[in-house]
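Numbering of ligands and ligand atoms starts at 1, following listing order.
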Amino acid sequence: MKENRYSRQILLPEIGPEGQKKLGKARAVVIGCGALGTHALSFLVRAGVGQVVVIDRDIIDISNLQRQALFTEADVGRPKAKVAEERLRHVNSDIEIWGVVADVNYTNVQKFVRGAAVVLDATDNMDTRFLVNDACVKNRIPWVYAGAVGVTGMVMAIVPGGPCMRCVFPQLPQPGELPTCDTVGIINTLPSAVASIETTEAFKIILGKEPSNGLFVLDLWQGELQRIKVKRNPECETCGKRDFEFLQARKRKLVVSMCGRNAVQIVPTKELKGDLKDLKDTLSRQGEASIVDGVLKFKKRGVELTVFPDGRTIISGTTDLAKAKTIFSQYVGD
Ligand SMILES: [Zn+2]
């Protein structure tokens, strides 16, 4: 039965038996496990990419189910990367799949992308994309940028020697400058369409073929797909000057509102005092506390906290940054 698993794609001249072997030997790293990530992961795993890694910092919220394949109502509150790993193992037990629950930042991004044949962007913010661009250009790893919001999406394959994301977007946008799923919403047919284009480019890279050059722009509502020519900018900070500023230690963004969720994330500057179990014991005296899948959940009168082992905390039920900070210092620390 198993030898038939890939028969339909081996028939394709674009892949064939040799291509299938290449897929089986490759490692793909997916950054983010939301709408784009869950669709891209499903494509990669079903196609038989030998090692698939997904990194995501978030837990599943009921508002994710509208567009994030792989998740069900029973998964609400659990870490996305772990649930995806579990589901995907049932899809294909012949390959290796790792779900990593972590915040991708300048301290760890190079470790995550190293050894990848291709990196797929499935994040929801430009900060992380600039970071991934720096890490991939520096380490000469091909990656595919993808974004989806409202009814439109963009995809661009970035390979060593070609234009990078910063050739197209030279500066990090100001907070609030770009639309997000939070502000304008998203139609649920968009992520799979964008992930299809993105993963096809990733397959081409793994197979050693030239990816499509330029920036895909998809307007799903108007039914239009364009590919805009992109040139390398010799003055580009990243691929021209090779100044990888996003990989340098910067003042961390401490408090951020999370895209598509009524929640705020806080990354403390100091690590947790003691471990999660100590914190659970303290919080148990004040409300309902439990540790599931290695993360601490705490509930008390409308306040819901998810605390990760490094102290990173998601405060659900608010987008008010000041209120979130108060709740954080009240229950976790300062
Ligand atoms: Zn560049």
Side-chain angles (χ1 to χ4, degrees), residues 26-32 36-37 40 53 55 104-149 152-180 194-195 197-218 225-253:
R27 171 190 284 224
V29 173
V30 180
I31 308 211
L36 287 175
V53 184
I55 307 125
V104 175
N105 55 44
Y106 72 90
T107 66
N108 57 21
V109 64
Q110 294 192 78
K111 180 187 83 185
F112 286 132
V113 302
R114 224 164 264 149
V118 63
V119 174
L120 289 87
D121 164 30
T123 65
D124 57 8
N125 66 85
M126 292 303 272
D127 275 312
T128 314
R129 291 187 180 112
F130 273 65
L131 188 71
V132 171
N133 189 57
D134 269 14
C136 287
V137 172
K138 185 179 173 199
N139 294 283
R140 302 189 63 79
I141 295 164
W143 74 285
V144 190
Y145 153 68
V149 68
T152 60
M154 289 198 277
V155 175
M156 181 174 149
I158 291 151
V159 292
C164 81
M165 199 187 76
R166 250 185 129 180
C167 294
V168 185
F169 306 102
Q171 291 305 327
L172 195 60
Q174 297 294 313
E177 193 182 320
L178 291 182
T180 69
V194 173
I197 299 171
E198 179 182 28
T199 316
T200 306
E201 295 303 324
F203 287 153
K204 286 158 75 177
I205 290 168
I206 293 173
L207 296 170
K209 318 254 191 227
E210 279 290 305
S212 308
N213 53 40
L215 177 73
F216 284 96
V217 180
L218 170 68
L225 177 63
Q226 296 175 47
R227 186 145 50 89
I228 298 165
K229 275 200 182 143
V230 172
K231 274 203 197 128
R232 220 182 132 188
N233 171 13
E235 295 298 301
C236 173
E237 296 292 331
T238 307
C239 69
K241 297 182 186 163
R242 296 187 75 80
D243 175 13
F244 305 109
E245 61 175 308
F246 292 91
L247 299 178
Q248 312 298 316
R250 296 186 302 154
K251 201 167 148 252
R252 290 209 219 173
K253 197 184 257 184

key: Partner residues of Lys241 under the salt bridge (Lys or Arg N to Asp or Glu O under 4.0 Å) criterion, sequence neighbours left out   = Glu237

task = Kindly write out the residues that satisfy salt bridge (Lys or Arg N to Asp or Glu O under 4.0 Å) with Lys204, not counting sequence neighbours, or none if the list is empty.
result = Glu201

query = Distance-only, no hydrogens or angles: does the Arg27 side chain make a donor-acceptor pair with backbone N or O of Val113 under 3.5 Å?
reply = no

query = If we only count heavy atoms from C-beta on, is the Val144 to Val155 side-chain gap below 4.5 Å?
reply = yes

ask   = Do any protein N, O or S atoms sit under 2.8 Å from the Zn ion (ligand 1), and which ones are they?
value = Cys164 SG, Cys167 SG, Cys236 SG, Cys239 SG

Audit row: Asn125, Thr123, side-chain hydrogen bond (donor to acceptor under 3.5 Å, both in side chains) steps and yes/no = CA-CA 6 Å; Asn125 66 85; Thr123 65; 4.9 Å; no

inquiry  = Per the side chain to side chain donor-acceptor pair (under 3.5 Å) rule, what does the pair list look like for residues 152-171, sequence neighbours excluded?
reply    = Arg166-Glu245

